[in-house]
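The block underneath contains the structure these notes are about, expressed in structure tokens.
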Amino acid sequence: MKTDIIISIENVTKKFKDGDGEFTALSNINLEFSKGEFAGFVGPSGSGKTTLLNIIGSLDSPTEGNALVMGKNIAGLSHKESALLRNKHIGFIFQVYNLLPVYTVFENVEFALLLQNYSASERKKRVMEALEWVGLQNMPDKKPSKLSGGEGQRVAIARAMVKRPEILIADEPTANLDAKNAHIILQMMKKLNEELDTTFLFSTHDEKVMEYLDRIVHLEDGKVVRDEVKNKVAAS
Amino acid sequence: MILAFQLAYRNLMGAGLRTWLNAAVLSFAFVIILFFNGLIDGWNQQAKLDNIEWEYGNGQLIHEDYDLFDPFSVQDGHGVLPVSEQENLVPILVRQASIYPEGRMLSISLKGIAEEQEIVGLPTHLLTNSTAEIPVIIGKRMASAANLRVNDEVLLRWRDVNGTFDAQHVTIVGIFDSNVPTIDNGQFWIPIKKLWEMTDMEGHATMFISTVDQPKEIPGWNFRSQEDLLRELTEIIEMKKASSSIMYILLLAIALLAIFDTQVLSIFRRQKEIGTYIALGMTRHQVVGLFTVEGSMYSIFAMILGCAYGVPLLIYLAATGIGIPEASQEMGVSIADRIYPVYGFALILGTIALVVISATIVSYLPARKIAKMDPVNAIKGKLQ
């Protein structure tokens, strides 16, 4: 178990307006994640997996409690500060890849670097390196519409990893993939996790994903019901 | 900002035909605005030059009792200016008269002018060279209205200084072609000495055309500068410009509506993309900026497209001019039978600014919605 804590969730509760009332998506969550973890949130639909990932990814903020990511309290960040946090430290992989449709593979991956003002030559070097990680170095000029599902998700991984973030958030990354492609993607992510020491956080109910995870946080009705660390129950 | 332009350029080029359709509509508005304003500026410039060349010279010294717009002032609006004061001035005496071509009666202004003058373009040398008893030069409009040709004789009736009628045949010795109707319509030009003799008004003048910009002040006479004399013409042309602008404002509005529509649709259709931009680290305001720049880049593309077909077209039209129908020349305003559009820097820069600023505004208005979007829902493409 690695010890550098980069994510610390303290008593986080998230409520959404639901008509005239409120819906509690997360209730008093306490979790910590260290650098280089390969962990995932598992649970049925509506258990709060994605909400928790969104808070960690600074796309959303908790109603109560503190979510400290890279030392920053998400609740207190302005739009600009949270954008900077995502830009520098967090990569995202989505269920439906969310590739920018008018951009080529190269441009999609390059996008994250454009926001960080890298020079053109540095961008090219890094993009090609990221495409090599995912085995797509031969198709930089293809448009997303010409890619298969597996290829699309590999581009999404390259886009998320090209800026070498400390945290990578993957929301149901294999939900739209067949078993073979899901395994390829997961092996790729595991390899990147080991080589680059990036913390991977998944939300999933795919058992194939769970096989690869070193730590599984089980959520139900917005509460942590079990926190498994590789053959060992760490907390409940 | 550079990033917004870079990304907007990629997005628009990636959007392909949709981008070029919008740019084409906007470029059409751009070229039409330039063309119409250039045409009116060309008309304005040409009309000013014509008026200076044919009528105003460097300004006019007008008798204080004479009002160009009051025909009753012709009777008494004249006076004698000592010869010593007439340096750089060409005298004109205006009297009312009638002619009787083909048995009809037409009221005219009978104008006497010094034949030796060279300050205005009237071919007064024809009056000097003629052997006719009373030689007359008229403009083509007058000739057409009275059905007169060179060497025709027509009966002229006038009143002398005492109000006594007199009549005599006059000979048309020349018909001039001028774009300035105010020296043509209803006017007979004869030697001023002959008019003095006919009216017994030796030395009288209604006005003088000045050969210098600012003659000395003379009591009883008002000097109207070139600029002052041209003011009415400029105002008429400006009014015409304003009324023509309705057409191109409509055209521009259609083009801007297309951009606005595209932007509104984009923001609905591209919510997932907006959410992805935010997830990848763009601030909401950067995304608003990106969409606004995308919209204003339509105007840049429109200019490039407009230049591709507009520059050769506008240069060709500036060289060949636009033919103006005969009927338009009866309007009473100086207008040539062919107008050559003029495209000044101010016009080009003004049009560019108008198109770019208006495209930016219509792009920004719908893009503001992005700032209020929830990125979580946007990533999922949920309508907000």
Side-chain angles (χ1 to χ4, degrees), chain A residues 14 16-17 25 50-55 57-61 77-104 106-118 120 123 143-145 156 159-160 162-163 165 169 171-172, chain B residues 1-20 22 262 265-291 293-294 297-298 301 368-382 384:
Chain A
K14 178 71 184 177
F16 292 106
K17 279 190 180 165
T50 302
T51 305
L52 191 51
L53 278 187
N54 287 336
I55 289 172
S58 78
L59 290 171
D60 208 346
S61 57
L77 295 181
S78 65
H79 286 315
K80 201 173 175 181
E81 287 166 336
S82 61
L84 193 66
L85 179 70
R86 290 191 296 273
N87 184 10
K88 298 273 183 200
H89 304 290
I90 304 172
F92 286 89
I93 296 171
F94 305 101
Q95 182 177 339
V96 286
Y97 330 134
N98 284 41
L99 298 179
L100 302 169
V102 298
Y103 291 6
T104 61
F106 183 93
E107 288 166 344
N108 263 284
V109 179
E110 187 191 23
F111 187 90
L113 299 179
L114 279 172
L115 298 177
Q116 294 190 15
N117 299 323
Y118 282 99
R123 287 201 305 267
K143 285 279 176 79
S145 56
R159 182 178 65 184
V162 71
K163 60 186 179 187
I169 289 170
D171 188 8
E172 306 275 8
Chain B
M1 201 60 184
I2 294 168
L3 176 69
F5 274 98
Q6 209 171 349
L7 297 177
Y9 177 77
R10 278 186 185 178
N11 288 346
L12 291 180
M13 295 312 276
L17 188 62
R18 183 165 50 90
T19 298
W20 292 110
N22 277 332
T262 305
L265 274 174
S266 279
I267 289 159
F268 272 104
R269 213 165 40 84
R270 294 165 64 189
Q271 288 204 60
K272 201 179 275 189
E273 190 179 324
I274 291 166
T276 308
Y277 288 138
I278 295 172
L280 291 175
M282 282 181 91
T283 63
R284 289 163 204 228
H285 288 105
Q286 273 181 309
V287 183
V288 172
L290 170 63
F291 275 70
V293 171
E294 268 187 35
M297 275 186 96
Y298 283 121
F301 288 165
R368 285 178 309 168
K369 188 179 162 66
I370 294 168
K372 294 174 189 160
M373 273 187 185
D374 173 9
V376 173
N377 287 330
I379 287 167
K380 292 172 187 164
K382 279 188 185 170
Q384 294 178 59

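Chain identifiers are assigned alphabetically (A, B, ...) following the order of the sequence lines, protein sequences preceding nucleic acid strands; residue numbering begins at 1 within each chain. Because the structure is a prediction, the values reported are computed rather than measured.
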Against chain B, label A/Glu107 side chain, backbone, both or neither, depending on which of its atoms sit under 4.5 Å from a heavy atom there.
-> both

B/Lys272 versus A/Asn98, closest heavy-atom pair with distance = CG-ND2, 3.3 Å

Would A/Leu100 and B/Tyr277 count as a side chain to side chain contact (heavy atoms under 4.5 Å, CB included) if you check the C-alpha gap in whole Å, the side-chain angles of each, and the deciding distance to 0.1 Å?
-> CA-CA 9 Å; A/Leu100 302 169; B/Tyr277 288 138; 3.8 Å; yes

Please test B/Ile278 against A/Arg86 for side chain to side chain contact (heavy atoms under 4.5 Å, CB included), starting from the C-alpha separation and ending with a verdict.
-> CA-CA 8 Å; B/Ile278 295 172; A/Arg86 290 191 296 273; 3.2 Å; yes

What one should report as the nearest heavy-atom pair of A/Leu114 and B/Gln6 is CD2-NE2, 3.5 Å

With respect to chain B, which residue among A/Lys143, A/Lys163, A/Glu110 yields the maximal number of heavy-atom pairs within a distance under 4.5 Å?
-> A/Glu110

Might you point out which heavy atoms bring A/Leu115 and B/Met282 nearest each other, and give the distance in Å?
-> CD2-CG, 3.4 Å

Are more than 12 heavy atoms from other residues, nucleotides or ligands located less than 6.0 Å from atom OH of B/Tyr9?
-> no

Within-4.5 Å side-chain heavy-atom neighbours: B/Met13 and A/Val102 = no

Which bit of B/Leu7 comes within less than 4.5 Å of chain A, counting heavy atoms only: side chain, backbone, both or neither?
-> both

For A/Lys88, is it the side chain, the backbone, both or neither that has a heavy atom under 4.5 Å from a heavy atom of chain B?
-> neither

Value for CG (A/Asn54) from CD1 (B/Ile379), rounded to nearest 0.5 Å, stands at 6.5 Å

Side-chain contact test, heavy atoms from C-beta onward, threshold under 4.5 Å: evaluate it for A/Tyr103 versus B/Asn11 and give yes or no.
-> yes

Residue A/Pro165 versus chain B: region with a heavy atom under 4.5 Å | neither

Taken to the nearest 0.5 Å, the spacing of B/Arg10 CZ from A/Phe111 CZ works out to 9.0 Å

Which distance, rounded to the nearest 0.5 Å, do you find between the NZ of A/Lys80 and the OG1 of B/Thr283?
-> 7.5 Å

Going from CG on A/Asn117 to CG on B/Leu3, what distance comes out if it is rounded to the nearest 0.5 angstrom?
-> 7.5 Å

Indicate the atoms forming the closest heavy-atom contact of A/Phe94 with B/Ala279, along with that distance.
-> CZ-CB, 3.6 Å

Determine the option with the most heavy-atom pairs under 4.5 angstrom with chain A, choosing from B/Glu273, B/Gln286, B/His285, B/Lys380.
-> B/Glu273

Closest heavy-atom pair and its distance - B/Val376, A/Leu59 = CG2-O, 3.8 Å

How long is the gap from CG on A/Leu113 to CG on B/Leu280, to the nearest 0.5 Å?
-> 10.5 Å

